[in-house]
Amino acid sequence: MSQNQTRQLGDSGITVPLLTFGGNVFGWTVDQATSFSLLDALVERGLWFIDTADVYSRWAPGNKGGESETIIGEWLKKSGKRDQIVLATKVGMELSPEKTGLKPQYIRQAVEDSLRRLQTDYIDLYQAHRDDEDTPLADTLSTFDSLIREGKVRAIGASNYSAARLQEALQVSEAKGLARYETLQPQYNLYDRQPYEAELEPVVRAHGLGVINYYSLASGFLSGKYRDAADAGKSARGQGVVEKYLNPRGLRILDALDAISEAHQVTPTQVALAWLIARPGITAPIVSATSLKQLDDLAGAMQLTLTPAQIDQLDQASR
């Protein structure tokens, strides 16, 4: 991968490719063997930034959380590729009633658990999975700061924070000389624009934070997979996707994606991701796949450059 196809993750000094791979599929919709083949392919195709969380994939029947980290750890042990990837995970979502939040003692316990499951001695990006308003920001940040000084974590980030709380956290870090959140992980895509653009974007741009946004394809809607009500049956989440996105605005966005993908001879998925990659302030949108074919489609987005007119066309369609 050439240098211009990588970006800096905030001011962390960590370099990442133009897309992040979401590891929530490991141990959920793909088994260990398929996960290993996907992880090998990720490195080969230049998608070597992998994002997971301690809670993935607790929601699946029979799971208790930690499954994704465990599979990644087994792959790291087998492949020896720890130095070829940038690894991100998260803490704070509820694993059990006593394993939740961002209190110092719990963060200490959770990071050791994640390191053990991942079979590594450091995490590149450790993220607060959601805000914990019951714990002072200074307590959480000073714990993260200690983990960085101890070499267990290289940089920290925030996920699912409001603009006001993110701003407050950055001010606490500056006032107390503590490590700051270098990244934000918000929901953002061509359809779901308003919450991020109106409130969070000004904060991340002002402070030079990296942004690794999730739901980059609006739960698959922007791939063009769901075009009428009958398409709801195409996946377990199809009904919800159709109810939320299949409306005049959604169809207008699909029309624009279709036109541009035809002009470039690429897929709507690649156009939707290229629009995100081109957005100032966005570092590496999160994508996920359960097959090598899907992975190749996603990786193609890193090679696609939209014209200013095409970006404007998508902006107008999604207004």
Side-chain angles (χ1 to χ4, degrees), residues 18-31 34-35 37-38 41-42 45 47 49-53 56-57 59-60 68 159-160 185-196 211-262 264-279 282 284-304 306 314 317-318:
L18 303 184
L19 291 173
T20 310
F21 189 82
N24 63 331
V25 294
F26 303 138
W28 175 32
T29 48
V30 292
D31 60 17
T34 308
S35 299
S37 66
L38 282 169
L42 286 171
R45 288 158 176 75
L47 278 94
F49 182 23
I50 299 161
D51 175 75
T52 186
Y56 297 167
S57 45
W59 55 84
S68 174
S159 180
N160 301 305
Q185 189 169 140
Q187 178 177 342
Y188 184 56
N189 58 60
L190 190 52
Y191 187 103
D192 299 299
R193 296 179 59 176
Q194 181 62 21
Y196 169 75
V211 177
I212 48 177
N213 52 296
Y214 64 87
Y215 288 169
S216 299
L217 293 170
S219 301
F221 176 75
L222 298 174
S223 70
K225 180 177 175 179
Y226 307 95
R227 293 176 181 270
D228 61 51
D231 291 333
K234 286 186 174 180
S235 74
R237 63 185 179 182
Q239 188 60 42
V241 174
V242 164
E243 287 172 5
K244 180 174 181 183
Y245 296 113
L246 200 66
N247 52 46
R249 179 166 169 261
L251 291 170
R252 202 164 63 236
I253 292 170
L254 289 185
D255 284 346
L257 288 170
D258 287 342
I260 296 167
S261 61
E262 197 174 323
H264 284 277
Q265 292 296 291
V266 296
T267 63
T269 290
Q270 291 169 344
V271 176
L273 292 174
W275 178 85
L276 283 170
I277 289 168
R279 178 90 185 174
I282 297 291
I286 298 172
V287 294
S288 211
T290 56
S291 70
L292 297 179
K293 184 182 178 200
Q294 288 177 351
L295 196 59
D296 284 334
D297 187 23
L298 298 169
M302 297 192 293
Q303 315 301 325
L304 176 61
L306 302 178
L314 290 166
S318 59

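Note that the coordinates shown come from a computational prediction; the quantities given were computed from them, not determined experimentally.
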Evaluate the side-chain proximity of [Y] to [X]: yes if any heavy-atom separation is below 4.5 Å, no if none is.
X      : Y      : value
Asn213 : Asn189 : no
Leu19  : Pro285 : yes
Leu304 : Thr267 : no
Leu257 : Leu314 : yes
Phe21  : Ser288 : yes
Leu306 : His264 : yes
Leu222 : Trp275 : no
Val211 : Pro186 : yes

Show me the pairs that pass salt bridge (charged side-chain N to carboxylate O under 4.0 Å, His left out) and involve residues 226-238, at least two apart or across chains.
Arg227-Asp258, Asp231-Lys234
Let me confirm one number: the [atom1]-[atom2] distance from [X] to [Y], rounded to the nearest 0.5 Å.
X      : Y      : atom1 : atom2 : value
Leu251 : Arg249 : CG    : CZ    : 11.5 Å
Leu47  : Leu42  : CG    : CG    : 6.0 Å
Ile260 : Gln270 : CD1   : CD    : 13.0 Å
Ile277 : Leu18  : CD1   : CG    : 5.0 Å
Ser216 : Leu190 : OG    : CG    : 11.0 Å

Short question: side chain of [X], backbone of [Y] - any donor-acceptor pair under 3.5 Å?
X      : Y      : value
Arg252 : Ser318 : no
Gln239 : Ala236 : no
Ser219 : Val241 : no
Ser35  : Phe26  : no
Thr20  : Ala284 : yes

With sequence neighbours left out, write down each residue that passes salt bridge (Lys or Arg N to Asp or Glu O under 4.0 Å) with Lys225, or none if nothing qualifies.
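With sequence neighbours excluded, Lys225 shows a salt bridge (Lys or Arg N to Asp or Glu O under 4.0 Å) to no residue whatsoever.
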What pair of heavy atoms forms the shortest contact from [X] to [Y], and how long is it?
X      : Y      : answer
Tyr196 : Ile282 : OH-CD1, 3.9 Å
Met302 : Arg45  : CE-O, 3.7 Å
Thr34  : Thr290 : CG2-O, 4.0 Å
Gln185 : Tyr214 : O-CE2, 3.6 Å
Ser57  : Asn24  : CB-O, 4.1 Å
Thr269 : Ser223 : OG1-CB, 3.2 Å

Name all pairs fulfilling the ring pair (Phe, Tyr, Trp, His ring centres under 6.0 Å) condition that reach into residues 218-248, sequence neighbours left out, sorted by first residue then second.
Tyr191-Tyr245, Phe221-Tyr245
